[in-house]
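This structure is a prediction, so every number in the text was calculated from the model and none was measured. Residue numbers start from 1 in every chain, and the chains themselves are labelled A, B, ... in the order their sequence lines are given, proteins ahead of strands.
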Number of protein chains: 2
Amino acid sequence: MSSNWVDIRDEIRRRVLERELLPGAKLPNDQELAEEFKCSRTTVQRAMLDLAQSGTVDRRRKGGTTITLHPITRTTFDIPITRLEIEAAGNDYSYFLVSREILVSPPRVASSFGLAEPTEMLRVTALHMANKQPYIFEDRWIAHETTPEILDVDLSRESANEWLIRNRPYSDCEVRFLAKRATRQEAELLASDVDEALFVMERTTWINGAPITMVRAIAKPGYQLVAKAN
Amino acid sequence: MSSNWVDIRDEIRRRVLERELLPGAKLPNDQELAEEFKCSRTTVQRAMLDLAQSGTVDRRRKGGTTITLHPITRTTFDIPITRLEIEAAGNDYSYFLVSREILVSPPRVASSFGLAEPTEMLRVTALHMANKQPYIFEDRWIAHETTPEILDVDLSRESANEWLIRNRPYSDCEVRFLAKRATRQEAELLASDVDEALFVMERTTWINGAPITMVRAIAKPGYQLVAKAN
DNA sequence: AGAAATATTATGTGCATGCTTAAAAACTTT
DNA sequence: AAAGTTTTTAAGCATGCACATAATATTTCT
């Protein structure tokens, strides 16, 4: 007769779906819910933690628990290592280095790191391919002041992507998604038309405030990032 | 001297960052960690729950806890109601209905719902504006078989977005992000060039298997979706 | 009346303990 | 050796209890 925390969570969700609980509605306190569901307050707490994390309810000390007033769509995306994404889809992965040079970062890159001054950085561009077809074009800036070892890595064999993920963990990461028109170079490498709309995943990482890398993963035409919400 | 769960989580994170724990490494079991941190197993469990949810560790019964072998970037995006997003940025929100008609859904839409047959649906297009400037163009298909009440709503006053969110909760939601070239109509409405690359957030929702709505939110040129990971 | 101090209350966190469950490992049987 | 069975192990779940903390409500003081 008594419930586990999943049952409680699902029952609250059901009440929201059935409109027995409307946005802004106040729930009974944990103690009362525990009595209703014939379980301990700890179990209710566990269910409420989950509902709060998914954005279904708001919890405030003394204020109690309320159904979120303005429902949002909360989605979690996992951005994997490109090689693994390709292999997971059962395709053959290959990679080649397009360019590698040391340059002063343009303002766009410096400002993304929160740096006032343009700095010398290692700039690497590379192409990831699935079944010999272009898949993702990677345009990367690496703060070689923070990660000097990268200068000794043979990037024509191993992608900077993987080397960094394995050897330089980060403490902070900012992700942005955007669309951009294909430049002539991008169009050539990704086998698309110039001016085609391309989907871009941009990631900037730091370790304890020091910049590590900023990468634009520019996907082939038609690429979609999919996730299930809730 | 004893730790709370946040301290434990942060210490494990630190060990990963400092490469004291490498990907694939096995952690001591909860009991041993509890002794190390001089706290109860429950507290360790709480920290591990958080680390598992953020994708830092993998936990398997009997298998124990290991540092995630292939680190991924896990990001949570909250997609708010457009009006609230605009108002939160301190801008003035306005909205107008562009079109409203009943049409047979094209294959692209039907297949997004997982429907084999094309079905009659209500198709609504509308423009959301910030400070009188175009912000997001909304191209929506509504399964009026599932939600007949929508036919009586005055969509020139209230956006379908808000009416649905308030009146038709969903049990399942699929989100996809992509880039598309501006059509002539989109370019006109969003004050962009034809062929400009536009960022699209597409959401499809169901309630217990029955389709509710599919919406393409087509953002103005230059729009970026930003999130902090971890 | 308005400000400051105090009490109240609901959630948050932690502890000790025991039972459940999935999966690996060990063992048996074919 | 392969296949099936049992055992063991480590994480997951649940309980009851106590104290911490933050936000609100109430009272006291000026």
Side-chain angles (χ1 to χ4, degrees), chain A residues 1-16 20-72 74 76, chain B residues 1-16 21-71 74 76:
Chain A
M1 197 72 264
S2 84
S3 317
N4 64 24
W5 73 267
V6 176
D7 292 339
I8 297 173
R9 180 197 63 186
D10 290 348
E11 172 59 15
I12 300 297
R13 274 225 260 264
R14 190 196 62 76
R15 289 180 194 175
V16 173
E20 291 167 25
L21 288 170
L22 297 173
K26 189 169 176 186
L27 267 71
N29 69 34
D30 289 11
Q31 183 55 56
E32 291 169 299
L33 286 172
E35 283 158 28
E36 177 186 339
F37 289 106
K38 301 196 203 320
C39 64
S40 76
R41 196 166 78 79
T42 317
T43 305
V44 172
Q45 159 76 24
R46 181 71 187 79
M48 291 300 154
L49 179 67
D50 192 85
L51 289 166
Q53 282 178 342
S54 72
T56 308
V57 301
D58 284 324
R59 270 164 85 79
R60 286 166 58 202
R61 285 176 166 162
K62 167 80 185 177
T65 308
T66 54
I67 303 298
T68 305
L69 194 55
H70 300 296
I72 44 150
R74 180 164 296 170
T76 303
Chain B
M1 197 70 263
S2 84
S3 317
N4 63 23
W5 74 265
V6 177
D7 292 340
I8 297 173
R9 180 196 64 187
D10 290 349
E11 172 59 15
I12 299 296
R13 274 224 260 264
R14 190 195 63 75
R15 290 180 193 176
V16 173
L21 288 170
L22 296 174
K26 188 168 177 188
L27 268 72
N29 70 33
D30 289 12
Q31 182 57 54
E32 291 168 298
L33 286 172
E35 281 159 28
E36 178 187 340
F37 289 107
K38 299 197 205 317
C39 65
S40 79
R41 208 162 68 75
T42 317
T43 305
V44 173
Q45 156 77 22
R46 182 73 187 79
M48 291 299 153
L49 178 68
D50 192 85
L51 288 166
Q53 281 178 344
S54 72
T56 307
V57 301
D58 283 325
R59 304 194 89 196
R60 287 165 57 205
R61 283 182 168 170
K62 166 78 187 177
T65 307
T66 53
I67 304 298
T68 305
L69 194 55
H70 300 296
R74 179 164 296 171
T76 303

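With respect to A/Arg13, the side chain to side chain contact (heavy atoms under 4.5 Å, CB included) criterion is satisfied by exactly one of A/Val57, A/Leu21, A/Leu51: A/Leu51.
The backbone N or O of B/Asp50 lies less than 3.5 Å from no partner atom in the side chain of B/Gln53, so there is not a single donor-acceptor pair.
No hydrogens or angles were tested; on distance alone, a donor-acceptor pair under 3.5 Å links the side chain of B/Arg41 to the base of C/dG18.
The 5' end of DNA chain C is approached more closely, in terms of each residue's nearest nucleotide, by A/Gly64 than by the other of A/Thr42 and A/Gly64.
Counting any heavy atom pair closer than 4.0 Å across all strands shown, B/Thr43 reaches sugar-phosphate atoms only and no base atom. At a threshold of 4.0 angstrom between heavy atoms, the contacts of B/Gln31 with the nucleic acid are absent. Residue-level contact check: A/Gly63 touches neither bases nor backbone, having no heavy atom under 4.0 Å from any strand.
If you measure from atom NZ of B/Lys62 to atom P of D/dT7, you get 15 Å, rounded to the nearest angstrom. Rounded to whole angstrom, the span from the CZ atom of A/Arg46 across to the P atom of C/dT13 amounts to 13 Å.
A salt bridge links A/Asp30 to A/Arg59: at least one charged side-chain nitrogen sits closer than 4.0 Å to a carboxylate oxygen. Ion pairing of B/Arg15 with B/Glu36 is present here, as a side-chain N (NZ or NE/NH1/NH2) and a carboxylate O approach within less than 4.0 Å.
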Taking N or O atoms only and anything under 3.5 Å, show me the protein contacts with nucleotides 5-7 of chain C, one pair per line.
none

